[in-house]
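Right, one structure below, let's go through it.
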2 protein chains.
Amino acid sequence: MNGCSDNTDPMARTSGSHSEITGPRLREAAQRLFARHGYAAVTMRQIAAEVGVQAGALYNYIPDKQGLLADLMRAHLEDLLAAWADEPRGEGPLGALEAFTRFHIRFHLERPDAVFIAYMELRNLAPENFAGIEALRKRYETELEDILRAGQAAGVFDLPDTKLATLAVIAMLTGVTTWYRDAGRLSRERVAGLYWDMVRKAVGA
Amino acid sequence: MNGCSDNTDPMARTSGSHSEITGPRLREAAQRLFARHGYAAVTMRQIAAEVGVQAGALYNYIPDKQGLLADLMRAHLEDLLAAWADEPRGEGPLGALEAFTRFHIRFHLERPDAVFIAYMELRNLAPENFAGIEALRKRYETELEDILRAGQAAGVFDLPDTKLATLAVIAMLTGVTTWYRDAGRLSRERVAGLYWDMVRKAVGA
DNA sequence: GTGTTATCTGAACAGCCGTTCATTTCAATC
DNA sequence: GATTGAAATGAACGGCTGTTCAGATAACAC
């Protein structure tokens, strides 16, 4: 993760003082600032100030600003896919859809900054980075589409257009990150329940 | 550099009474570029090049870059509210909801750039501009909320949480702009119909 | 102690940023 | 033809941009 070449000597990593802490802190600061102000509006010096180093030091951990953005987005989407792969499914398409709904809301509410970046900064990715990131996003989308298609085939759902339903449901669920606040009147569990109620009805189950 | 081959010619290539055309062209170019690359990533010189003038000339029409963004967003939201005010409603809450759904999709698909900006660049608004823009956005949101509340009161809808349903429906509908392409397999009418089908079911009607 | 090595500083680089303004251009009016 | 004035130019402004790099610093091994 630290961008160094092959780590041939496991003991060599203990030489510096802050190397193990600066890398993660850089990523955290960048994620927070990118989400808050947008990739293009954030300067390397702002990130460095947040980390507590000079701007030049950041380049011990990242190739460049663009690479930093791509890394953040890729890491987020890989986390997402891995977490969903580990998530227990319910029974049948209906159970799977409920699992997906509750998982999606929980996962996204836990990382609002990463979600924001992944959805808003696609246009700031260089073409060579965009392709890979977009493929990951598509893979996640397909997870839901497969559930809906299976439910449609099993006669559990009523969907005139499975593909459109996939996009509609994901947009609805992801929208939660734009308004949900921890201090609000609804708990995350309650929100997930309310969304599941709407999703279930929307797919005709 | 004006791009002309003859750089010894001191005379400007274009000039004269273009004032009535340059203003709108500036706004169109800015809208397209802001939507494509993001407000912070677009330079005044890029906009000027698109319009066909030098950067300095833009300031005959706008106070500054920030004012340009605020103007674009305010104009779009006022258009949105005015268009919805003129839109014929169907009968009762169900008819109103269908009218809103179809209107929202049609209106948003007709101006993808303006929509993109209005909902992605809120964070780039200076505080004094943000308040007014956010109020307009809220007013539109309330239009849907009122419909849902009326339908809930009339027993036509089944909504455990009207406020959340409002946000969920708007997110779902607005999401159409992220994937719809005119060259795709579905017409706008068909898409609106499919979304209406899901919305109707989601609200329990 | 010496030497090694990862880490960070601080200055520099070339270039772009939004914005201003004196000047130039030219259609419209007298 | 002369005058006017809106509209555009082109250069300039101070400041900020991402990135590089020689040199300082400090923790480790010996």
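All values below were derived from every heavy atom in this structure, side-chain atoms included, with hydrogens, water molecules and symmetry-related copies excluded. Here is how names work: the chains are called A, B, and so on, in the same order as the sequence lines, proteins then strands, and each is numbered from 1.
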Please figure out whether A/Q46 or B/N60 has its closest DNA chain D nucleotide nearer the 5' end.
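Upstream on the strand: B/N60.
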Spacing of [X] atom [atom1] relative to [N] atom [atom2], expressed in whole Å:
X     : N      : atom1 : atom2 : result
B/L26 : D/dA7  : CG    : C1'   : 14 Å
B/I47 : C/dG18 : CD1   : P     : 8 Å
A/L68 : D/dT19 : CG    : P     : 10 Å

Side-chain donor-acceptor pair under 3.5 Å between A/H104 and A/T174, yes or no?
yes
Taking B/R190's backbone N and O only, do any of them form a donor-acceptor pair with B/S187's side chain (distance below 3.5 Å, no angle check)?
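The answer is yes, because a donor-acceptor pair under 3.5 Å joins these two groups.
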Side chain of B/E141, backbone of B/I170: donor and acceptor closer than 3.5 Å?
no
OP1, OP2 of C/dC16 versus side-chain N and O of B/T43: anything below 4.0 Å?
no
Distance check: side-chain N/O of A/T22 vs OP1/OP2 of C/dC8, anything under 4.0 Å?
yes
Whether B/F103 and B/W84 hold their rings parallel, tilted or perpendicular, with breakpoints at 30° and 60°:
tilted
Side chain of B/Y61: nearest nucleotide among D/dG18, D/dA8, C/dC17?
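Looking only at side-chain atoms, B/Y61 lies closest to D/dA8.
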Nearest to the side chain of B/Y59, which nucleotide is it out of C/dG18, D/dA8, D/dT20?
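Selected nucleotide (nearest to the side chain): C/dG18.
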Letter per nucleotide, 5' to 3', of nucleotides 10-15 of chain C [B base touched, S only sugar-phosphate touched, - untouched; heavy atoms, 4.0 Å]
--B---
Classify the nucleic acid contact of B/V51 as base, sugar-phosphate or nothing, counting any heavy atom under 4.0 Å across all strands shown.
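If one applies the 4.0 Å heavy-atom cut-off, B/V51 turns out to touch nothing in the nucleic acid.
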Neighbour count above 12 (heavy atom, 6.0 Å) for B/Y119 OH
no
List in chain and number order the residues that pass side chain to side chain contact (heavy atoms under 4.5 Å, CB included) with B/L122, two or more places apart in sequence or in another chain; answer none if no residue qualifies.
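Partners of B/L122 under the side chain to side chain contact (heavy atoms under 4.5 Å, CB included) test: B/M73, B/L125, B/F130, B/I133, B/E134, B/R137.
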